[in-house]
Amino acid sequence: MDKRKIIITSALPYANGALHLGHLVEYLQTDFWARYQRMMGHEVVYVCADDTHGTPIMIRARKEGITPEALIARSYEARVREFGAFEMGFDRYGSTNCEENRILSESIYLKLKERGLISSRSVDQLYCERCGMFLPDRFVKGTCPKCGAPDRDGDNCSVCGATYNPADLREPRCAICGGTPVMRQSEQLFVELEPCREFLKGWLPQHTDKGTAEKLLEWFNEPLRGWNISRDAPYFGFRIPGYDDKYFYVWLDAPVGYMATLWAWAKTRGQTLEDWWQDPKAEIYHFIGKDIVRFHCLFWPSELQAAGWRTPTQVFVHGFLMVNGAKMSKSEGTFISAATYLRHLPAQALRFYYACKLNGTVDDMNLDLRDFVGRVNSDLVGKITNLASRGAQMLNKNCGGRLGEMDADSRALLAECRTQLPELQEAYERRDFCRAMVIVRDWADKANQLFDAKMPWKLVKEDVEATRAVLTGTLNLFRLMAIALKPILPAYAAKVEALFGEAPYAFADAAKDVEGCAIAAYERLADRIDPKAVEAMVAETKAQNAPALPKGLTEKDVKAGIRQLAHAPAGKTFPPPPAETIAIDDFAKVDLRVAQVVAAEAVEGSDKLLRLTLDVGEARPRTVFAGIRKAYAPEELPGRQVIMVANLAPRKMRFGLSEGMVLAAEDADGTLRLIQPFAPMTPGARLR
RNA sequence: GGAUCCGUAGCUCAGUCGGUCAGAGCAGGGGACUCAUAAUCCCUUGGUCGGUGGUUCAAGUCCACCCGGAUCCA
């Protein structure tokens with residue numbers, strides 16, 4: 001086969017927020033495919049980057065009192081560490097906030113402008129005067145115009161499913177400051193899509209899957225709407241050439257980040273971006289989730305085409321991750337972050353399980369946690385790894401650790417398995433990883449059957465050389481499986497390479513017999529998963545999100561509750577109506593501190609009060625009486641952190657002096673919950 | 001509301017052009033073995049293929065409607 005030249009990307013993760021197992025559905029499958037292509041001997045470059053621009057990052061940085069640059073640097077570090085732990089093999093992991101990206105974004109924009117594809121028109125948009133900025137949809141909250149549910153997002157209602165404009169919301173509020181936004185006009189720049197209609201119509205069916213293309217083509221019954229690519233200052237991003245106060249919308253420069261990162265990578269080896277992207281022989285593949293199809297299959301190819309760049313060879317679209325058959329949920333503990341996963345479980349287990357489930361379609365993928373444990377333990381460890389474990393240890397113990405020549409039966413089985421290699425490679429090629437795993441598991445079943453039939457543990461007592469032949473066969477069969485699994489389990493394969501003393505495997509090595517040489521000491525390749533570790537991971541995830549929902553309630557309950565409340569008779573409203581507006585100075589008078597509960601006891605003579613002893617970082621702990629006895633037992637509080645009002649005038653009570661007050665929230669049903677920091681902090685830390 | 005996708009054994013899923021397709025693995029039950037990470041091997045119990053109609057000599061497979069779940073509507 002000719003040597004192919006392949007550019008691979010996965011969608012850029014947004015730098016505001018932690019990686020979770022859903023993201024990994026994409027990154028892992030892209031990595032599987034990239035590694036497979038490398039093992040086929042092709043020239044592969046796999047790039048990705050942090051997506052760093054936009055309002056959410058600007059706001060978050062502002063809240064934390066740091067620059068956006070500092071925020072994205074922190075995110076980058078965490079991201080790279082976590083990807084590394086998951087054995088991701090990027091050739092380069094960059095950032096959209098780089099010079100290459102600025103240059104490319106500007107040049108693509110200017111090309112579009114030259115071609116007359118950029119137009120400008122005035123747009124009505126909500127503006128928050130207090131924050132001094134136009135509000136993106138997700139930064140407007142309000143009451144759903146359709147079902148009346150309170151506190152809904154700016155563009156859709158998750159209670160009744162309605163979609164609307166932020167301007168349609170009743171009682172719109174700025175999600176940042178809570179103020180009431182006003183309607184203002186602003187000049188915005190659009191990329192016109194209608195002129196690209198014919199190009200797209202022809203392009204779509206050939207460069208993505210049928211379902212995706214058909215879906216997008218539905219929109220072609222009407223004129224294609226232009227795409228707003230500008231945002232007004234303040235914004236974190238690239239300034240648009242020719243404007244002082246306009247920036248590229250984050251979605252304009254994000255896909256350009258693929259090229260920018262490729263460019264930066266090419267530079268390190270003395271090449272140009274054009275050497276890769278514009279090489280007619282090179283293939284360009286984007287792996288994306290189905291939620292961002294329109295950016296990658298409409299806007300992106302149109303821009304590239306108009307600006308004179310090559311369009312992608314194929315856009316591979318995948319579905320979302322479900323956990324235990326349902327959408328990932330914070331309250332159920334299934335919204336599992338990459339970091340939390342890694343604290344409890346080995347990365348390769350997830351890589352293996354995802355490979356067993358991915359079939360290259362846009363269907364959602366289900367991570368069933370019980371199935372996950374079963375699959376890893378029985379297939380990866382029990383069937384596959386066990387062959388190496390029993391074969392290598394026996395060879396080392398009884399046969400001097402030297403391979404001989406395979407017996408005839410093993411040789412025949414090995415030959416039979418090898419005939420399936422083309423099928424395995426085709427499965428990899430079409431991203432049908434689960435099919436590839438079925439093939440490998442089938443080999444393992446057959447190898448185990450043969451091993452048992454030969455009974456080497458008995459044979460070794462009478463004929464060491466015959467035993468050596470059987471074990472040589474077993475280990476050669478296992479080696480074939482390790483090669484087949486290498487795109488999924490690179491670290492595992494590296495250990496197998498070390499066991500046989502071989503150079504890194506490519507698929508070509510599958511044809512080789514390993515005979516007549518010594519093997520190294522057997523090193524454990526994979527560990528069984530203790531279901532308790534999975535429980536602990538779920539429990540930790542739940543705990544991270546515990547303050548979000550009252551005990552025992554799921555997100556579904558809350559939705560139902562909101563729905564009820566939306567239709568509840570007036571007079572008993574929840575949440576309570578907003579209090580009178582205060583100035584920032586008024587708020588600043590309140591000194592809020594993180595406090596650690598040192599001790600808690602019930603107060604005799606009161607059925608409401610607990611006496612709390614709080615460490616606020618001062619020389620002497622404070623005593624605070626709190627009316628939370630019906631919500632908390634005294635013994636569950638020590639060691640936990642709460643928020644207290646530290647400068648409240650001390651108040652003499654019948655039971656003693658109360659030197660402050662702890663913060664708690666009251667739910668619709670009267671449930672009280674103390675407020676605690678997301679993660680432990682130093683007692684005495686001030687809230688801002 | 002409109003559209004798309006999904007619904008096959010307790011669980012996760014295969015089932016190509018309608019014709020040995022009612023299947024696999026795991027889990028469950030029984031047995032064997034003890035080299036191996038309580039791993040492995042043999043045997044075995046499970047299903048009205050979401051429901052109802054229709055097309056056909058023949059339907060998980062095609063069509064219509066319904067129920068349930070998911071997603072998208074720029």
Side-chain angles (χ1 to χ4, degrees), chain A residues 137 146 155-156 160-165 190-191 193 209-228 251 289-295 297-299 317-322 324-328 353 356-359 361-399 432 434-435 437-442 444-461 467 470-471 474 478 522-530:
Chain A
D137 293 0
K146 195 170 168 200
D155 50 358
N156 77 89
C160 72
T163 56
Y164 40 75
N165 289 320
F190 289 77
V191 173
L193 269 192
D209 63 278
K210 198 163 156 261
T212 301
E214 280 173 2
K215 181 133 209 180
L216 290 170
L217 286 168
E218 283 170 19
W219 291 341
F220 284 62
N221 298 326
E222 291 170 35
L224 295 170
R225 288 187 222 168
W227 175 42
N228 185 346
W251 261 112
K290 60 186 180 182
D291 53 328
I292 54 175
V293 152
R294 72 169 201 276
F295 293 105
C297 295
L298 293 182
F299 304 148
V317 184
H318 62 80
F320 296 147
L321 178 71
M322 314 274 280
N324 292 339
K327 215 190 283 192
M328 293 196 294
Y353 186 73
C356 289
K357 310 281 315 211
L358 286 164
N359 57 10
T361 70
V362 293
D363 296 340
D364 289 348
M365 193 193 96
N366 186 30
L367 161 61
D368 185 276
L369 291 171
R370 272 187 18 222
D371 186 51
F372 165 67
V373 173
R375 208 53 57 180
V376 170
N377 288 352
S378 59
D379 291 348
L380 179 59
V381 180
K383 281 188 203 299
I384 301 169
T385 307
N386 192 222
L387 282 166
S389 180
R390 62 207 305 213
Q393 291 185 75
M394 207 169 181
L395 190 77
N396 279 327
K397 213 180 289 171
N398 303 299
C399 309
D432 193 356
C434 71
R435 176 72 202 135
M437 294 303 99
V438 166
I439 292 170
V440 174
R441 195 178 56 203
D442 195 45
D445 281 341
K446 286 179 176 143
N448 273 310
Q449 284 160 19
L450 182 63
F451 190 94
D452 270 48
K454 295 277 177 188
M455 293 190 281
W457 56 93
K458 274 190 188 158
L459 188 62
V460 71
K461 289 171 189 157
T467 308
V470 170
L471 298 179
T474 302
F478 172 73
Y522 176 73
E523 193 192 335
R524 236 167 206 271
L525 299 167
D527 291 296
R528 298 171 60 74
I529 292 179
D530 184 347

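Computed from a prediction, not measured in an experiment: that's the story for all the values here. Below, chain A is the first sequence line, B the second, and so on; all start at residue 1. Atom set for the values below is all heavy atoms of this structure, side chains included, hydrogens, waters and symmetry mates excluded.
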Pairwise [atom1] distance for [N] and [M], with rounding to whole Å:
{"N": "A74(B)", "M": "C13(B)", "atom1": "P", "answer": "30 Å"}
{"N": "A58(B)", "M": "G18(B)", "atom1": "P", "answer": "16 Å"}
{"N": "U16(B)", "M": "U61(B)", "atom1": "C1'", "answer": "11 Å"}
{"N": "A9(B)", "M": "G50(B)", "atom1": "C1'", "answer": "15 Å"}
{"N": "A59(B)", "M": "C21(B)", "atom1": "C1'", "answer": "12 Å"}
{"N": "U56(B)", "M": "C62(B)", "atom1": "C1'", "answer": "10 Å"}
{"N": "A24(B)", "M": "U8(B)", "atom1": "C1'", "answer": "12 Å"}
{"N": "C49(B)", "M": "U37(B)", "atom1": "C1'", "answer": "38 Å"}

Find the distance [X]:[atom1] to [N]:[atom2] and express it as a whole number of Å.
{"X": "D364(A)", "N": "G7(B)", "atom1": "CG", "atom2": "P", "answer": "13 Å"}
{"X": "D432(A)", "N": "U16(B)", "atom1": "CG", "atom2": "C1'", "answer": "13 Å"}
{"X": "L216(A)", "N": "C73(B)", "atom1": "CG", "atom2": "P", "answer": "11 Å"}
{"X": "D442(A)", "N": "C26(B)", "atom1": "CG", "atom2": "C1'", "answer": "16 Å"}
{"X": "N359(A)", "N": "C6(B)", "atom1": "CG", "atom2": "P", "answer": "11 Å"}
{"X": "Y353(A)", "N": "C13(B)", "atom1": "OH", "atom2": "C1'", "answer": "10 Å"}
{"X": "R435(A)", "N": "A24(B)", "atom1": "CZ", "atom2": "P", "answer": "15 Å"}
{"X": "L367(A)", "N": "C13(B)", "atom1": "CG", "atom2": "C1'", "answer": "15 Å"}

U40(B) OP1/OP2 closer than 4.0 Å to side-chain N/O of Q449(A):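 No, no such contact exists.
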Lys/Arg N to Asp/Glu carboxylate O, D445(A) vs R441(A), below 4.0 Å: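 No salt bridge links D445(A) with R441(A).
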Salt bridge D368(A)-R375(A), side-chain N to carboxylate O under 4.0 Å: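 Salt bridge: no.
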List the atom of [X], the atom of [Y], and the distance in Å for their closest heavy-atom pair.
{"X": "W457(A)", "Y": "R390(A)", "answer": "CZ3-NH2, 4.4 Å"}
{"X": "I529(A)", "Y": "V373(A)", "answer": "O-CG1, 3.9 Å"}
{"X": "F451(A)", "Y": "T474(A)", "answer": "CD1-OG1, 3.3 Å"}
{"X": "L471(A)", "Y": "C399(A)", "answer": "CD1-SG, 4.2 Å"}

Residue whose closest nucleotide on RNA chain B lies nearer the 5' end, R441(A) versus L224(A):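 That would be R441(A).
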Which residue lies more 5' along RNA chain B, comparing K446(A) with R225(A) via nearest heavy atoms: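 Counting from the 5' end, the first nearest nucleotide belongs to K446(A).
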Determine if the base of [N] is syn or anti; take syn to mean the glycosidic torsion is within 90° of 0.
{"N": "C17(B)", "value": "syn"}
{"N": "G46(B)", "value": "syn"}
{"N": "G60(B)", "value": "syn"}

I'd like to know if the side chain of [X] reaches the main chain of [Y], judged simply by a donor and an acceptor atom lying under 3.5 Å from each other, with no hydrogens or angles considered.
{"X": "K290(A)", "Y": "V317(A)", "result": "no"}
{"X": "N359(A)", "Y": "C434(A)", "result": "no"}
{"X": "S389(A)", "Y": "T385(A)", "result": "no"}
{"X": "D442(A)", "Y": "V438(A)", "result": "no"}

Sugar-phosphate, base or nothing in reach of W219(A), heavy atoms under 4.0 Å: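 Base, at least one base atom sits under 4.0 Å.
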Side-chain heavy atoms of K454(A) within contact of L459(A), under 4.5 Å: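 They are not in contact (no side-chain heavy atoms under 4.5 Å apart), so the answer is no.
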L395(A) side chain reached by Y522(A) side chain, heavy atoms, under 4.5 Å: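 Side-chain contact under 4.5 Å: no.
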Secondary-structure string, 5' to 3', Watson-Crick or G-U under 3.5 Å, | for another-strand partners, for RNA chain B: (((((((..((((.....[...)))).(((((.......))))).....(((((..]....)))))))))))).
Whether Y353(A) and F372(A) hold their rings parallel, tilted or perpendicular, with breakpoints at 30° and 60°: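 Rings of Y353(A) and F372(A): perpendicular, over 60°.
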Residue K357(A), side-chain heavy atoms: nucleotide from G25(B), U12(B), U71(B) that is nearest: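 Ranking G25(B), U12(B), U71(B) by closest atom to the K357(A) side chain puts U12(B) first.
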What protein N or O atoms touch nucleotides 9-11 of chain B N or O atoms at under 3.5 angstrom, if any, and at what distances?
none

Nucleotides 32-39 of chain B: protein proximity per nucleotide (B base, S sugar-phosphate only, - neither; heavy atom, under 4.0 Å): -SSBBB-S
